[in-house]
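Please read the structure below before turning to the comments.
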Amino acid sequence: MRISVFGLGYVGCVSAACLAGLGHEVIGVDVNQVKVDLVNDGKAPVVEERIGELISEVVESGALRATGDVREAIKDSEVSLICVGTPSEANGSLCTTYLERVTEEIGAAVAERGGRQTVVFRSTMLPGTCLNLLVPILEKYAGGTAGVDFGVAVNPEFLREGTSVRDFFDPPKTVIGELDPESGDVVASLYEGLPGEVFRVPIPTAEAIKYADNAFHGLKIGFANELGAVCHALGVDSHQVIDVFLADRKLNISPAYLRPGFAFGGSCLPKDLRSLVYAAQRADVSVPILAHVLPSNAEHLRRAVELVERTGKRRVGLFGLSFKPGTDDLRESPLVELAERLFGKGYDLRIYDPNVNLSRLLGANREYIETRLPHLAQLLADSVDEVVGHAEVCLVGTRDPAVLAALPQGGDGPQIVDLVHLPDAEARRAEPGYMGLAW
């Protein structure tokens with residue numbers, strides 16, 4: 001295909017050279033004439049493993065050239081990849097100045113040339129930026145309708161500086177946020193033959209995925225460093241600890257615990273986090289990530305209370321009470337905490353959990369519930385139907401089959417506040433009486 005790549009920094013330079021290496025005809029575009037001249041001389045404007053040899057090769061073969069002329073680039077291409085920078089403003093917000101400017105220039109050049117152009121945003125930008133800011137600019141300057149007169153897509157990159165050429169040819173995944181299927185087809189064809197799974201998703205999803213990746217990478221590094229500092233202070237070999245930690249592919253390095261849902265609880269996680277943070281404090285080790293895990297958890301529970309308050313209803317049914325399905329363990333259960341807060345705020349509450357029977361609770365479990373929710377006996381219901389019949393709002397904290405079968409469909413009956421991402425959550429999102437906690 002004939003491709004123009006706007007911005008010859010790390011991402012643009014690598015994308016242009018690698019696409020040319022795949023056999024496409026590529027024009028690099030940059031306002032910096034030094035970068036343009038370097039590329040045309042077969043030299044890389046960035047320092048990166050393998051990029052110098054690759055640019056020399058594809059420039060010599062005629063597959064890659066560079067220009068500072070936007071009109072020339074649009075005239076000689078059918079797909080435009082935008083790889084300009086999106087730095088932080090002083091207040092931490094995203095700077096979209098360069099994105100807006102290049103979008104205006106591309107739109108004007110498309111209007112002048114005519115014909116369908118597919119504009120692909122590869123720059124990192126927050127969800128909503130493309131559809132709410134950039135598409136209107138394109139439509140204004142190109143004089144047409146996105147998805148009809150020209151294509152639009154978001155194609156985030158997952159290139160690590162230092163190994164970006166290798167990452168391009170062996171990607172962990174390819175993400176295509178498509179405004180319309182034709183736009184998605186064009187982007188998919190750019191990477192034909194490369195390994196890795198291809199995800200074709202709505203544009204805002206594609207924008208968010210890049211942030212999910214980078215936030216998690218930062219979190220992992222921060223977690224490892226904080227844990228290392230605590231281990232060091234306690235005289236423990238942190239690398240030995242992490243080696244064993246990483247060997248667990250069932251819970252640690254896996255999809256486990258990474259689905260948005262309700263707050264965590266139980267007899268282990270809260271207690272052990274508190275102990276670890278306390279040990280760090282005693283050793284004069286600052287652990288801001290670990291110290292804020294429990295406050296973050298409490299904030300998520302607060303969101304659930306807020307959703308109930310937003311309904312304006314007073315009769316509430318809560319499904320689920322134990323901290324984990326299939327057990328009657330109520331110790332530090334976030335659902336017990338939720339029930340306690342709602343009861344304390346004067347809500348008329350009924351609770352159903354098939355695994356919780358007050359007469360069978362023993363020892364620490366019984367002592368905990370008598371301390372935290374002494375009125376439990378009068379709140380517990382014997383059946384799902386009793387709770388559904390009572391409630392104006394159903395808080396769903398379990399995926400128990402009997403509960404799922406009894407929940408109203410189609411927006412009829414009580415409002416539903418979903419804490420567990422119900423199996424039919426996507427279908428229910430269109431219903432007026434449904435609210436998801438974090439989806």
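Quick caveat: nothing in here was measured; it's all calculated off a predicted structure. All residue numbers refer to positions in the sequence shown, counting from 1.
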Exercise for the section: Check whether more than 12 heavy atoms from other residues, nucleotides or ligands sit under 6.0 Å from atom CZ of F245, and answer yes or no. Expected result: yes

Handout entry: Non-hydrogen atoms of D170 and P195 that approach each other most closely
Key = OD1-CG, 3.5 Å

Practice task
For residues P408 and P414, determine if any side-chain heavy atom of one lies less than 4.5 Å from a side-chain heavy atom of the other.
Solution key: yes

Practice task
Quick one: do E139 and F150 satisfy side chain to side chain contact (heavy atoms under 4.5 Å, CB included)? Show the steps, please.
Solution key: CA-CA 9 Å; E139 291 182 330; F150 54 87; 3.8 Å; yes

Handout entry: Salt bridge flag under 4.0 Å for residues R302 and E306
Key = yes

Problem - SB check R303 E299 (cutoff 4.0 Å) - result: no

Exercise for the section: Please confirm whether the backbone N or O of L290 pairs with a side-chain atom of E226, one donor and one acceptor, at under 3.5 Å? Expected result: yes

Exercise for the section: Verify the neighbour count for atom CD of E192: are there more than 12 heavy atoms of other residues, nucleotides or ligands below 6.0 Å? Expected result: no

Problem - Check: M125 main-chain N/O paired with E207 side-chain donor or acceptor under 3.5 Å - result: no

Problem - Expected output: side-chain S15 to main-chain V11 donor-acceptor under 3.5 Å - result: yes

Handout entry: Student check: side-chain heavy atoms of D418 and W439 closer than 4.5 Å
Key = yes

Practice task
Going by the side chain to side chain donor-acceptor pair (under 3.5 Å) test, name the single residue among R113, E25, Q117, E72 that passes it with S77.
Solution key: Q117

Exercise for the section: Give a yes-or-no answer on whether the side chains of S80 and S4 include a donor-acceptor pair shorter than 3.5 Å. Expected result: yes

Handout entry: Between D400 and T398, a side-chain donor and acceptor under 3.5 Å
Key = no

Exercise for the section: Kindly compute the distance separating NZ (K220) from CG (N225), expressed to the nearest 0.5 Å. Expected result: 13.0 Å

Exercise for the section: Check whether any side-chain heavy atom of L318 sits under 4.5 Å from a side-chain heavy atom of L321, and report yes or no. Expected result: yes

Handout entry: Gap between atom CD1 of I3 and atom CG of L190 - 0.5 Å precision
Key = 4.5 Å

Practice task
Answer yes or no: is there a donor N or O on one side and an acceptor on the other, between the side chain of R122 and the main chain of N155, under 3.5 Å?
Solution key: yes

Problem - K210 and E157: CA distance, side-chain angles, deciding distance, salt bridge (Lys or Arg N to Asp or Glu O under 4.0 Å) verdict - result: CA-CA 8 Å; K210 176 70 174 180; E157 48 80 22; 3.2 Å; yes

Problem - Residue pair Y141 / E104: nearest heavy atoms and the distance that separates them - result: CE1-CG, 3.5 Å

Practice task
State, yes or no, whether a side-chain contact exists between L335 and S322 at a heavy-atom distance under 4.5 Å.
Solution key: no

Fill in the blank from the handout: salt bridge (Lys or Arg N to Asp or Glu O under 4.0 Å) with E332: of R274, K324, K271, only one passes, and it is R274

Exercise for the section: Give a yes or no answer on whether the side chain of D69 reaches the backbone of R71 with a donor-acceptor pair at less than 3.5 Å. Expected result: yes

Handout entry: E53/R50 salt bridge by N-O under 4.0 Å criterion
Key = no

Problem - Close side-chain approach of F121 and T86, heavy atoms under 4.5 Å - result: no

Practice task
Look at the side chain of S61 and the backbone N and O of V58, then say whether any donor-acceptor pair between them is shorter than 3.5 Å.
Solution key: yes

Exercise for the section: State plainly whether the residues K75 and E112 are in salt-bridge range, i.e. N to O under 4.0 Å. Expected result: no

Problem - Ion pair check, D185 and R200, cut-off under 4.0 Å - result: yes

Problem - Residue pair L22 / L194, side-chain heavy-atom distance below 4.5 Å - result: yes

Problem - Side chain D149, main chain T145, donor-acceptor under 3.5 Å - result: yes

Completion exercise
Separation between CG (L179) and SG (C130), nearest 0.5 Å, reads 7.5 Å

Exercise for the section: Output the distance between atom CG (N40) and atom CG (L64), rounded to the nearest 0.5 Å. Expected result: 8.0 Å

Handout entry: Residues S183 and E178: side-chain donor-acceptor under 3.5 angstrom
Key = no

Handout entry: R429 atom CZ, neighbour heavy-atom count above 12 within 6.0 Å
Key = no

Handout entry: Side-chain (N252) to main-chain (L246) donor-acceptor, under 3.5 angstrom
Key = no

Practice task
Look only at the side chain of H24 and the backbone of L19, and say whether a donor-acceptor pair between them is shorter than 3.5 Å.
Solution key: no

Problem - Axial cation check for F199 ring with K173, 6.0 Å and 45° limits - result: no

Handout entry: Other residues, nucleotides, ligands: >12 heavy atoms within 6.0 Å of H217 NE2
Key = yes

Handout entry: Electrostatic pair E78:R116 at N-O distance under 4.0 angstrom
Key = no

Problem - Nearest heavy-atom neighbours spanning G228 and S238 - result: CA-CB, 3.6 Å

Practice task
Report the C-alpha distance between E100 and T96 in whole Å, list the side-chain angles of each, state the deciding distance to 0.1 Å, and finish with yes or no for side-chain hydrogen bond (donor to acceptor under 3.5 Å, both in side chains).
Solution key: CA-CA 6 Å; E100 293 175 59; T96 59; 2.7 Å; yes

Practice task
Salt-bridge test for E309 and K345: reply yes if a basic N is under 4.0 Å from a carboxylate O, no otherwise.
Solution key: yes

Exercise for the section: Measure from the side-chain N and O atoms of N297 to the backbone N and O of F264, and report whether any donor-acceptor pair falls under 3.5 Å. Expected result: yes

Fill in the blank from the handout: The reported gap from CD in Q415 to CG in L395 (rounded to nearest 0.5 angstrom) is 11.0 Å

Practice task
Would you give the length of the straight line joining atom CG of L234 to atom CG of L276, rounded to the nearest 0.5 angstrom?
Solution key: 8.0 Å

Problem - Side chains of T205 and V175 in contact at under 4.5 Å (non-hydrogen atoms) - result: no

Exercise for the section: Please state whether the rings of F262 and H300 are parallel, tilted or perpendicular, taking 30° and 60° as the class boundaries. Expected result: tilted

Exercise for the section: State whether the number of non-hydrogen atoms from other residues, nucleotides or ligands found under 6.0 Å of F158 atom CZ is greater than 12. Expected result: yes

Handout entry: Validation row: I106, I82 side chains within 4.5 angstrom (heavy atoms)
Key = yes

Exercise for the section: Assess whether side chain to side chain contact (heavy atoms under 4.5 Å, CB included) is satisfied between T311 and E392, documenting all intermediate values. Expected result: CA-CA 9 Å; T311 67; E392 295 173 295; over 6 Å; no

